[in-house]
Engineer: 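Below is a structure I'd like to ask you about.
A, B, ... follow the sequence lines: proteins, then strands. Residue 1 opens every chain.
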Amino acid sequence: MKLFSKKPHQLEPLAKQLRLDILNMVYAAHSGHLGGSLSNLDIIISLYYSDIFNFDRDHFVLSAGHTCLSHYAVLASLGKFPKKLLNTYTEINSIIQGHESTDVPGVEFSSGALGQGLSFAAGLALGDKDHHTICLTSDGEHDEGQIWEAIMFANKYHLGNLINIVDCNKFQIDGSTADIMPTDELAAKYLRFGWTVTSVNGHNYHDLHKAIVKAKNSSIYPACIIAHTTLAKGISFMEKDYHYHDIKDMSEDIYLKAKHELDR
Amino acid sequence: MNSTDNLHSIRQAFSDTLIDLAGENLNLYVVSADLKSSLSLSKFASKFRGRFIECGVAENNAAGIAAGLAKSGKTVFLATYACFSPGINWNTIKQSICYNNLPVKIIGSHGGLASADLGATHQMLEDIALMRSLPNMDVFAPADALETAKIIHTVSHSPKPAYIRLVRPSTPNFTNSRSSFTIGHSQILQTGSKITVLGYGPILNSALSLKNKNLEIINCSSIKPLDSKTILSSIKKTSRCIIIEDHQKNGGLGEAVASLILTHNLKSKFIHLAVDDQFGRSAKNYFDLYDLHCIGQKELIRTIKNIL
């Protein structure tokens with residue numbers, strides 16, 4: 001009996017390749033926000049590699065702009081721009097900058113300062129009611145008061161076409177969210193603020209797909225998906241270690257060790 | 001100083017113009033932060049209910065909502081007090097509006113010491129500095145109700161983000177009703193050959209009402225982009241320059257003009273009448289505050305005498 005074995009999801013080989021792309025970007029550039037980009041990658045893949053939304057019409061807003069590596073890797077994999085541009089991450093003449101930028105084909109909102117994306121997404125959802133707006137926030141950025149202003153606003157204006165996916169990796173730049181500023185019971189908080197809420201494993205494509213479809217079908221209430229994820233997912237010695245929120249000058253040893261794990 | 005019969009509300013001119021524009025432009029939205037009645041927007045809100053978006057006392061979210069609406073193709077006016085927007089939400093304006101280059105029109109009402117009785121917290125003396133430092137942002141400040149209508153009309157068609165500073169009190173109309181407003185252009189309110197007086201907003205009337213023929217008075221209502229051509233040519237002629245503004249010296253129009261003068265190697269006497277690194281305070285009459293901070297008509301008369 002194979003109670004715990006599951007067939008790998010068809011998207012897992014892609015995710016593996018994109019994790020490598022992200023690692024390579026950070027290694028080549030000598031810096032980059034690896035932890036959050038690896039925790040939210042599966043969420044972004046779930047959104048773009050399904051037929052739930054059409055991002056030529058629907059909108060995607062990455063609020064935590066430092067995690068742009070995963071969004072860029074996904075956009076490149078879809079042919080939005082040549083994949084070789086990923087190798088120019090943070091170079092002076094590159095469109096692939098250190099934070100999410102509309103210079104990159106497929107990006108609708110430049111971000112970097114935390115807490116602003118959900119307001120923008122709510123405004124966009126209000127202005128374009130014929131389509132869906134999906135915002136991806138992080139749990140850490142829920143420290144920002146503006147997020148809560150936007151949560152109240154979306155409830156007031158019944159933005160049923162707005163979805164906020166929270167990448168809950170439970171860490172931020174200086175430590176765990178529990179230490180820096182507890183953001184526990186986020187699901188209950190969203191519920192009390194008038195949103196529909198689903199909690200999922202943010203690395204499980206089946207669960208993510210179901211949650212996203214359910215959120216899309218919420219036509220009166222704004223929908224929140226609490227996606228429980230692992231910081232730096234896929235590289236065991238970096239996982240859940242906040243020092244890998246961002247990395248400067250990754251040594252060759254560390255790079256090869258991480259690459260070896262992702263290559264397996 | 002003026003008979004109340006001849007005073008006109010700049011806020012009312014703003015609101016009336018918006019109502020006219022909204023009748024033609026069905027995509028025109030107003031985003032508010034719980035100061036609808038203070039900005040004379042109650043009529044707009046009841047007439048165009050679906051296009052009046054109330055965010056509550058939450059200026060950062062309001063700026064983000066405005067940016068998102070603009071992204072969806074709406075013409076958006078974000079309207080509240082200047083001390084809160086950009087006073088509180090400057091980074092949201094920087095990132096969500098300017099960096100994303102979205103054509104939100106930010107109305108900062110109650111600018112300057114002119115919000116007399118409200119005191120230092122509500123007397124916004126730093127808005128021009130904050131906004132002219134932002135890439136992509138245009139900055140305007142109408143001199144009177146007549147010019148307010150023209151500026152609101154013009155910016156509603158502009159593809160760029162813009163900040164428009166309004167003041168609270170009703171003030172005299174002293175600009176030419178027949179002249180048009182063009183972004184990047186100033187208006188010579190009075191020609192003269194001895195002293196160039198530059199400024200923006202109703203405070204300029206303190207120079208014009210002197211009826212001193214030595215003064216060339218230029219209304220710099222387009223603070224950014226600034227009409228460097230007209231300003232430089234006047235200073236070249238007069239070699240004397242007084243800048244008067246209801247704003248901090250730091251980051252104000254005076255510094256922009258000083259930079260122009262130095263960059264173009266002009267020789268000119270230069271006096272900047274502005275609030276000198278201080279907070280305001282409450283007063284019954286804003287002209288008393290102008291005198292207290294040495295930006296009133298008495299100080300202007302003294303300065304003119306000294307500079308000649």
Side-chain angles (χ1 to χ4, degrees), chain A residues 57-66 97-104 107-135 137 141 144-159 161-162 164 193 222, chain B residues 25-34 45 48-80 84-86 88-106 134-136 161:
Chain A
R57 298 192 298 266
D58 296 306
H59 310 286
F60 175 73
V61 175
L62 180 65
S63 186
H66 61 279
Q97 298 188 45
H99 286 83
E100 180 92 337
S101 164
T102 52
D103 288 346
V104 177
V107 173
E108 285 203 82
F109 180 62
S110 297
S111 58
L114 296 175
Q116 297 187 21
L118 192 58
S119 298
F120 177 83
L124 191 48
L126 181 67
D128 183 7
K129 288 192 170 158
D130 295 333
H131 301 103
H132 278 80
T133 299
I134 297 91
C135 187
T137 53
E141 73 173 322
E144 288 282 3
Q146 188 178 344
I147 289 261
W148 299 95
E149 295 174 6
I151 290 169
M152 285 193 282
F153 180 91
N155 175 45
K156 177 188 171 187
Y157 281 95
H158 306 296
L159 298 179
N161 59 337
L162 176 67
N164 181 25
F193 275 79
Chain B
N25 178 358
L26 301 182
N27 276 322
L28 192 147
Y29 280 63
V30 170
V31 175
S32 167
D34 195 26
F48 304 105
R49 219 173 144 200
R51 292 192 268 149
F52 180 81
I53 308 303
E54 180 56 78
C55 295
V57 194
E59 293 79 13
N60 277 295
N61 184 53
I65 295 295
L69 279 169
K71 180 77 178 180
S72 74
K74 312 298 185 194
T75 304
V76 187
F77 283 81
L78 166 63
T80 184
F84 308 134
S85 173
I88 287 175
N89 60 6
W90 183 80
N91 189 270
T92 310
I93 292 172
K94 176 189 169 183
Q95 175 175 289
S96 292
I97 296 174
C98 287
Y99 186 45
N100 281 277
N101 203 11
L102 293 165
V104 176
K105 315 306 171 193
I106 301 160
L134 287 174
N136 290 338

Engineer: Is A/Glu108 close to chain B through its backbone or its side chain, or both, or neither, when contacts mean heavy atoms under 4.5 Å?
Structural biologist: both

Engineer: Supply the atom-to-atom distance A/Lys156 NZ to B/Ile53 CD1, rounded to the nearest 0.5 angstrom.
Structural biologist: 8.0 Å

Engineer: Would you call the rings of A/Phe193 and A/Trp148 parallel, tilted or perpendicular, where under 30° means parallel and over 60° means perpendicular?
Structural biologist: tilted

Engineer: Would you mind checking which part of B/Lys71 comes under 4.5 Å of any heavy atom in chain A, side chain (CB onward), backbone (N, CA, C, O), both or neither?
Structural biologist: both

Engineer: Select one option (side chain, backbone, both, neither) describing which atoms of A/Ser110 are under 4.5 Å from chain B's heavy atoms.
Structural biologist: both

Engineer: Heavy-atom pairs under 4.5 Å with chain B: which of A/Gly117, A/Ala122, A/Ser101, A/Ala113 has the most?
Structural biologist: A/Ala113

Engineer: Is it the case that B/Asn60 and A/Glu149 place a side-chain donor and acceptor less than 3.5 Å from each other?
Structural biologist: no

Engineer: If I take atom CG from residue A/Leu159 and atom CG from residue A/Asn164, how far apart are they, to the nearest 0.5 angstrom?
Structural biologist: 12.0 Å

Engineer: Can you tell me which portion of A/Thr133 sits under 4.5 Å from chain B's heavy atoms? Options are side chain, backbone, both or neither.
Structural biologist: neither

Engineer: Counting heavy-atom pairs under 4.5 Å to chain A, which of B/Ala66, B/Ala67, B/Ala63 comes out on top?
Structural biologist: B/Ala67

Engineer: Determine the minimum heavy-atom distance between B/Thr80 and B/Glu59, stating which atoms define it.
Structural biologist: CG2-CG, 4.4 Å

